[in-house]
Protein chains: 2
Amino acid sequence: MDQLARTPKDIGHAIRRARKQQKLSQQELATRSGIWQETISKIENGSSGARLETIFDLCAALDLEIVIAKRSQSNTDFLEDTL
Amino acid sequence: MDQLARTPKDIGHAIRRARKQQKLSQQELATRSGIWQETISKIENGSSGARLETIFDLCAALDLEIVIAKRSQSNTDFLEDTL
DNA sequence: GCACATTATGGTCCAGAGATCATATTTTGT
DNA sequence: ACAAAATATGATCTCTGGACCATAATGTGC
């Protein structure tokens, strides 16, 4: 359920996933978050490194949180992208 | 032990914390991560939104990982910055 | 197949991140 | 208090993310 992210692409996937789970269109998310639909599209597709703030905005709008943890407590739940 | 981050400042704190725990200087972290000492200083002090990629680089060098999680499972371990 | 909604692409403009340099300030050991 | 190390500041330059516009491509229901 939690999603490990090592690259911008991973973040994009996590965001898309959450958005779809909440049945929001990019446009709706755009309105909620203040980030443009076009930008969301690019971020979800991992087209290169977004800014932290942008990600925080999107996460806030999607009720996601970002956690920084020490690595290696055997994280196996990685990269089973469903959508 | 895990650190919730809502703002770039939070990320900066988490990074500084981890770096100090590993007894690294900014300069050493800079060498490891490929991010300049000056830039690390700014990020640790939260002087505005870094890029995702930069954070990933720093996290990798510090053995930290970024996890995206659904909010609210009663996260109480927040904001007890020790350093 | 069509209309409509959704998502992606592509261009311009502006602001700011990060490289890189020098230098100032702070911290720390002795 | 001093020297040395560590951190911060600050300036310039380049590059790119994101706002913003239009439009293309794709998906989805009927």
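As a basis for the values below, the full set of heavy atoms in this structure was taken, side chains included, without hydrogen atoms, waters or symmetry mates. Values in this document were obtained by computation on a predicted structure and should not be read as measured data. In what follows, chains carry the letters A, B, and so on, assigned in the order in which the sequence lines appear, proteins first and then strands, with residues in each chain numbered from 1.
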Roughly, in whole Å, what's the span from [atom1] in [X] to [atom2] in [N]?
{"X": "A:Leu52", "N": "D:dG18", "atom1": "CG", "atom2": "C1'", "answer": "15 Å"}
{"X": "A:Asn45", "N": "C:dT7", "atom1": "CG", "atom2": "P", "answer": "11 Å"}
{"X": "B:Ile40", "N": "C:dT20", "atom1": "CD1", "atom2": "C1'", "answer": "14 Å"}
{"X": "B:Leu24", "N": "D:dA5", "atom1": "CG", "atom2": "P", "answer": "17 Å"}
{"X": "A:Leu29", "N": "D:dG18", "atom1": "CG", "atom2": "P", "answer": "13 Å"}
{"X": "B:Ile35", "N": "C:dG18", "atom1": "CD1", "atom2": "C1'", "answer": "8 Å"}
{"X": "A:Glu44", "N": "D:dT26", "atom1": "CD", "atom2": "C1'", "answer": "15 Å"}
{"X": "B:Ile55", "N": "C:dG18", "atom1": "CD1", "atom2": "P", "answer": "7 Å"}

Any link between B:Leu24 and B:Ile55 through a network of hydrophobic side chains (Ile, Leu, Val, Met, Phe, Trp, Tyr) touching at under 4.5 Å?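 Yes, same cluster.
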Have a look at A:Ser41 and say if it touches a base, only the backbone sugar-phosphate, or nothing, with a 4.0 Å heavy-atom cut-off.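 Base, at least one base atom sits under 4.0 Å.
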Do nucleotides 22-30 of chain C as a string where each nucleotide becomes B, S or -: B if the base has a protein heavy atom under 4.0 Å, S if just the sugar-phosphate does, - if no protein is that close. B--------
Distance from A:Gln3 atom CD to A:Ile66 atom CD1, nearest 0.5 Å? 12.5 Å
Distance from A:Leu64 atom CG to B:Arg71 atom CZ, nearest 0.5 Å? 8.0 Å
Least distance between heavy atoms, [X] atom then [Y] atom:
{"X": "A:Leu62", "Y": "A:Arg19", "result": "CD2-CA, 3.7 Å"}
{"X": "A:Phe56", "Y": "B:Pro8", "result": "CE1-N, 3.5 Å"}
{"X": "A:Ile40", "Y": "A:Ile35", "result": "CD1-O, 3.6 Å"}
{"X": "B:Asp2", "Y": "A:Ala69", "result": "OD1-CB, 3.4 Å"}

Side chain of [X] (C-beta onward), nearest among [options]:
{"X": "A:Arg16", "options": "D:dG18, C:dA8, D:dT7", "answer": "C:dA8"}
{"X": "B:Ile43", "options": "D:dT9, C:dG18, D:dG17", "answer": "C:dG18"}
{"X": "B:Trp36", "options": "C:dA19, C:dG18, D:dG18", "answer": "C:dA19"}
{"X": "B:Lys42", "options": "D:dT9, C:dT9, C:dT7", "answer": "D:dT9"}

Using a cut-off of less than 4.0 Å, is there contact between a side-chain N or O of [X] and OP1 or OP2 of [N]?
{"X": "B:Gln27", "N": "D:dA5", "answer": "no"}
{"X": "B:Arg19", "N": "D:dA6", "answer": "no"}
{"X": "B:Ser25", "N": "D:dA5", "answer": "no"}
{"X": "A:Thr54", "N": "D:dG17", "answer": "no"}

Quick one: does B:Lys70's side chain get under 4.5 Å of A:Asp63's, heavy atoms only? no
Under 3.5 Å, is there a donor-acceptor pair between the side chain of A:Asp10 and the main chain of A:Thr7? yes
For the helix from C:dG1-D:dC30 to C:dT30-D:dA1, what angle separates the axis at the start from the axis at the finish, each from five pairs, in steps of 10°?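 Answer rounded to 10°: the end axes differ by 70°.
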Give me each pair satisfying side-chain hydrogen bond (donor to acceptor under 3.5 Å, both in side chains) with a member in residues 25-34 of chain A, each pair once, sequence neighbours excluded. A:Ser25-A:Glu28, A:Gln26-A:Gln37, A:Gln26-A:Glu44
